[in-house]
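For this chain, numbers begin at 1 and follow the sequence in order.
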Amino acid sequence: MTSNSSENSPQSLTHLDYRGEAQMVDVSEKAKTRRVAIASGWVKMLPETLKAIELGNAPKGDVLGTAKIAGIMAAKQTAQLIPLCHPLPLAKIDVKFTADPQLPGYQIRAEAITIAETGVEMEALTAVSIAALTLYDMAKALDKSMEIGSIHLLSKTGGKSGYYQQPLSQPLPK
């Protein structure tokens, strides 16, 4: 694999060195700025499963509370889970679940905030992913057919690339 001659060219891949080998990006000369990332996804389930979770009738107990804690804990471990990810001092991680009868299931949204040299997109995405997997684990006795989907970055602020917002939300599954 080859690298472009200009380290700052738009085509260069920052996680590859001049020999095409994996490297952790050097952020030591970047300024610390406030960075916020918001990610989302969903867990689709049978209407009866949604109702049981909403009523607190899942066999394993507090499905959403456990999934929220799992998402927060996972965001804090992102650098250990994803190679070449920088460990970040997280100022805030928030994971929210919204019941969606149209899905049917739950919309999941995670917000990650830091003041650092690099962004928190991976932490927000990791929080949503693990929260969704934990929700599945906590409710699988009720419904093994649950689907997890559309995990994506909604927005991010801070850093050299500035503000990003996803143009349109992903369509809900049929």
Side-chain angles (χ1 to χ4, degrees), residues 15 22 24-25 27 34-159 164-166 169-174:
H15 283 81
M24 188 173 198
V25 175
V27 297
R34 183 174 192 270
R35 295 159 186 269
V36 178
I38 300 171
S40 71
W42 47 255
V43 179
K44 182 180 177 182
M45 59 193 62
L46 296 171
E48 310 83 70
T49 306
L50 175 61
K51 185 175 181 180
I53 294 170
E54 287 291 292
L55 293 173
N57 292 335
K60 286 190 173 182
D62 183 3
V63 173
L64 300 181
T66 304
K68 178 177 182 139
I69 291 169
I72 292 168
M73 290 174 64
K76 293 167 50 175
Q77 298 300 316
T78 300
Q80 292 179 3
L81 298 169
I82 300 175
L84 309 179
C85 227
H86 291 84
L88 296 177
L90 297 174
K92 177 182 180 181
I93 295 289
D94 189 26
V95 178
K96 290 187 170 34
F97 298 88
T98 304
D100 184 346
Q102 298 302 316
L103 192 52
Y106 286 93
Q107 299 290 336
I108 306 169
R109 181 180 167 106
E111 178 183 39
I113 301 174
T114 191
I115 297 175
E117 300 86 353
T118 190
V120 288
E121 296 92 353
M122 296 312 300
E123 286 72 12
L125 289 162
T126 298
V128 170
S129 299
I130 297 302
L133 288 168
T134 303
L135 192 157
Y136 182 96
D137 181 54
M138 294 291 293
K140 69 186 177 202
L142 298 170
D143 181 2
K144 289 179 182 37
S145 70
M146 288 180 283
E147 291 179 42
I148 295 170
S150 193
I151 297 171
H152 62 284
L153 183 68
L154 289 175
S155 65
K156 72 110 192 145
T157 61
Y164 166 82
Q165 181 168 354
Q166 192 211 13
S169 291
Q170 301 294 318
L172 297 176
K174 301 280 182 205

Q: Check the pair Ser40 / His152 against side chain to side chain contact (heavy atoms under 4.5 Å, CB included), numbers first and verdict last.
A: CA-CA 6 Å; Ser40 71; His152 62 284; 3.3 Å; yes
Q) Are any non-hydrogen side-chain atoms of Leu50 and Tyr106 less than 4.5 angstrom apart? A) yes
Q: Nearest 0.5 Å please: distance from the CZ atom of Arg35 over to the NZ atom of Lys156.
A: 6.5 Å
(Q) Would you say that Lys60 contacts Asp137 through its side chain, given a criterion of any heavy-atom pair below 4.5 Å between the two side chains? (A) yes
Q.
For Leu88 versus Ala116, what's the shortest heavy-atom pair and its separation?
A. CD2-CB, 3.9 Å
Q | salt bridge (Lys or Arg N to Asp or Glu O under 4.0 Å): pairs with one or both residues in residues 106-125, sequence neighbours excluded | A | Lys92-Glu111
**Q.** Where Leu135 and Ala67 come nearest, the two heavy atoms and their spacing
**A.** N-CB, 3.9 Å
Q | Pairing residues for Lys68 by the salt bridge (charged side-chain N to carboxylate O under 4.0 Å, His left out) criterion, not counting sequence neighbours | A | Asp94
Q: Might you point out which heavy atoms bring Ala58 and Val63 nearest each other, and give the distance in Å?
A: CB-CG2, 3.4 Å
Q: Give the minimum heavy-atom separation between Tyr136 and Ile148, together with the two atoms involved.
A: CB-CD1, 4.3 Å
Q.
For Ala75 versus Ile93, what's the shortest heavy-atom pair and its separation?
A. CB-CD1, 3.4 Å
**Q.** Shortest non-hydrogen contact from Ala70 toward Thr134
**A.** CB-OG1, 3.2 Å
Q. Do Pro59 and Leu142 have side-chain heavy atoms sitting under 4.5 Å apart?
A. yes
(Q) Would you compute the distance between atom OH of Tyr164 and atom CG of Leu154 and round it to the nearest 0.5 angstrom? (A) 8.5 Å
